[in-house]
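Report on one structure; see the data block that follows.
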2 protein chains.
Amino acid sequence: MPRRHDPERRQRIIDAAIRVAGRDGIAGLSHRTVAAEADVPLGSTTYHFATLEELLVAALRQANEGFGKVLAELLPDGGRGDLAADLARALGEWLGGDRTGVELEYELYLAALRRPALRPVAAEWTDQAAALLARRTDPVTARAVLALMDGICLQVLLTGGSYDEEYARTLLTRLIP
Amino acid sequence: MPRRHDPERRQRIIDAAIRVAGRDGIAGLSHRTVAAEADVPLGSTTYHFATLEELLVAALRQANEGFGKVLAELLPDGGRGDLAADLARALGEWLGGDRTGVELEYELYLAALRRPALRPVAAEWTDQAAALLARRTDPVTARAVLALMDGICLQVLLTGGSYDEEYARTLLTRLIP
DNA sequence: AACCGTTGTGTACGCTCGTACACATGGGTT
DNA sequence: AACCCATGTGTACGAGCGTACACAACGGTT
C-alpha cells in the first residue's frame, strides 16, 4: 500500500482531471477515469471532491490561472504598440499549433452555460482578462475586445475553419477607438 | 399496441430530443430519455438514429432552422435603419425573457467544439446568418457582427450577468463602418 | 393473393456510473 | 504514550446506459 499520506493528493487529482478532460472532453470525466489517470483509488477522488462539479470548478480555475499568466506576459504594463496587431498575433499563436489545450480551456469555460456553479469562476476569468486588457485601453473597449476575440475563436473552432490573422487584426482595429 | 405505422415517428423523436435537451441539457440525452419523452419504445429511437450523434445533428439543424426564420423576419430585405440598434434590440428580446430556448440553442451550437460531426451544421448556420446580415452590410462586417454578438451573448450567459442593450449598440456601431 | 423489405417492438446482456459504507492508518494534539 | 480525527482504501449495490437481436406487423410490389 504505497503512497499513504500524500500531501499533494488533491492537486494530483486536479491535474489528472485536466488531462482526462483534454483527451476525452468533459463527457469523459468520471470519478473512476480521473482516479485511474491520477493512479489513486476510487475512494480518494470521491473523498476530495464529493461531486464532479466540485472537481470541474477546481479544474476550470486552474486552467484559467495558467492562461492568465500567458496573457499577462503578452500585455506587459508599459506596452504601447498596436494593440490590435498584438492580440491578433496572440490569437494566431494560440490557435496555430495543437488545439487540444485550446479546446479544453474553451470547453471548461463554456460548460458554465449549463452549470451555474461554474459561472462565478467564468466571471472571475473575464474580469481578470478585462483588467489585463485595460492596461492598454479603456475598460469598455477591453470587454468588447474580449467578446470579439471569443466570437472569432468560436467561429474558427466550431466550424472547423482556419484562422485569418489579418482579418482579426482589421476587426479589432475597428473596435478599438 | 397503438400507433403502429407512424409516418411522423422520426420527427416526433427529434422534437422530443429538443425538449429533453432544453430541460436537462445535452448531458440528459439518451436513447431511453428521448424514447420516454416521445412516448415510443426504446427500439424505435435506436432504429431511426443509430447513434446519439445522429440525433444531435438532426436536433441542431432543426433548432437552426427555427432561429433562421426569426432572424430573417428581423432583417427584411429592404431594411435601411440603424443596423446596430436593430441588432442590439433583437439580442435584448432574445435574452430578455425565458432563457431556456437560448441556452438550448447555444448548447447545441457549442457542442460542435468536441463533436466534429456537428461542425458542418454549425458552419451552415453561420453562413446562413452571415448571408442574412449581408443584406444590410458588407460580408466582412456581417461575419464580424456575428462574432461580436456571439461574444456578448456568451459573456452574459456564462457569467450569469445581465444584458445591457445600450452597451451592445455602442460596440456594434463601432464595428459597422 | 403472395411476398418481401421497411418499420416497429420487446427483452436481455454487459458495462460504467455515482454513491455509500466499513475499515485501515498515521500525524498532530493533549 | 494515548487518543482522535482527517485522510486513505477496498468493495458492494442499484441504476442507467448503448447495443444487439429476434420477432411482429404492415404496405407496396409483383
Side-chain angles (χ1 to χ4, degrees), chain A residues 1-60 62 104 107-108 111 114-118, chain B residues 1-60 62 107-108 111-112 114-118:
Chain A
M1 50 213 74
R3 203 181 304 120
R4 291 275 321 195
H5 180 54
D6 177 354
E8 302 175 18
R9 175 65 59 91
R10 192 185 157 88
Q11 184 60 46
R12 204 187 310 282
I13 292 173
I14 296 176
D15 293 340
I18 287 182
R19 286 196 301 275
V20 170
R23 190 196 319 126
D24 305 325
I26 291 180
L29 278 186
S30 76
H31 282 129
R32 283 174 174 82
T33 56
V34 172
E37 175 73 28
D39 191 29
V40 299
L42 167 63
S44 192
T45 60
T46 66
Y47 174 76
H48 286 282
F49 302 93
T51 70
L52 281 182
E53 206 149 86
E54 279 183 33
L55 185 50
L56 265 185
V57 169
L60 175 56
Q62 181 156 316
L104 164 66
E107 191 181 10
L108 285 173
R114 282 293 190 175
R115 300 173 209 250
L118 294 187
Chain B
M1 51 214 73
R3 203 182 305 119
R4 291 280 319 197
H5 180 53
D6 178 353
E8 301 176 19
R9 174 64 60 94
R10 192 185 157 88
Q11 184 59 46
R12 204 188 310 281
I13 292 173
I14 296 175
D15 293 340
I18 287 183
R19 286 197 300 275
V20 170
R23 191 196 318 126
D24 305 325
I26 291 181
L29 276 186
S30 76
H31 282 129
R32 282 174 174 81
T33 55
V34 172
E37 175 72 28
D39 192 29
V40 300
L42 167 63
S44 192
T45 59
T46 66
Y47 173 76
H48 286 282
F49 302 93
T51 71
L52 280 182
E53 205 150 86
E54 279 183 33
L55 186 50
L56 265 185
V57 169
L60 175 55
Q62 181 156 318
E107 193 182 9
L108 286 173
R114 282 291 190 178
R115 300 174 210 250
L118 294 187

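For clarity, every value in this text was computed on a predicted model and none was experimentally measured.
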Closest heavy-atom pair and its distance - Leu29(A), Ala17(A): CD2-O, 3.7 Å

Is the shortest side-chain heavy-atom distance between Ile13(A) and Arg10(A) below 4.5 Å? no

Please report the distance, rounded to the nearest Å, between CG in Asp6(B) and C1' in dG27(D). 15 Å

Full working for side chain to side chain contact (heavy atoms under 4.5 Å, CB included) between Glu37(A) and Thr33(A): CA-CA 6 Å; Glu37(A) 175 73 28; Thr33(A) 56; over 6 Å; no

Check the distance between dT19(D)'s P and Glu53(B)'s CD and give it to me in whole angstrom. 11 Å

Salt bridge (Lys or Arg N to Asp or Glu O under 4.0 Å) involving Arg115(B) - partner list, sequence neighbours excluded: none

Side chains of Phe49(B) and Val57(B): closer than 4.5 Å at any heavy-atom pair? no

Measuring to OP1 and OP2 of dA6(D), would you say a side-chain N or O of His48(A) lies under 4.0 angstrom away? no

Quickly work out the Arg12(B) CZ to dT9(C) P distance and round it to whole Å. 11 Å

What does the list of N/O pairs under 3.5 Å between the protein and nucleotides 15-22 of chain C look like, with a distance for each?
residue : atom : partner  : partner atom : Å
dC17(C) : OP1  : Ser30(A) : OG           : 3.0
dG18(C) : OP2  : His31(A) : N            : 3.1
dG18(C) : N7   : Arg32(A) : NH1          : 2.6
dG18(C) : O6   : Arg32(A) : NH2          : 2.7

Taken to the nearest whole Å, CZ/Phe49(A) to P/dG8(D) is 11 Å

Is any side-chain heavy atom of Asp6(B) closer than 4.5 Å to one of Glu8(B)? yes

With a 4.0 Å cutoff (strictly under), does any side-chain N or O of Tyr47(A) reach OP1 or OP2 of dG8(D)? no

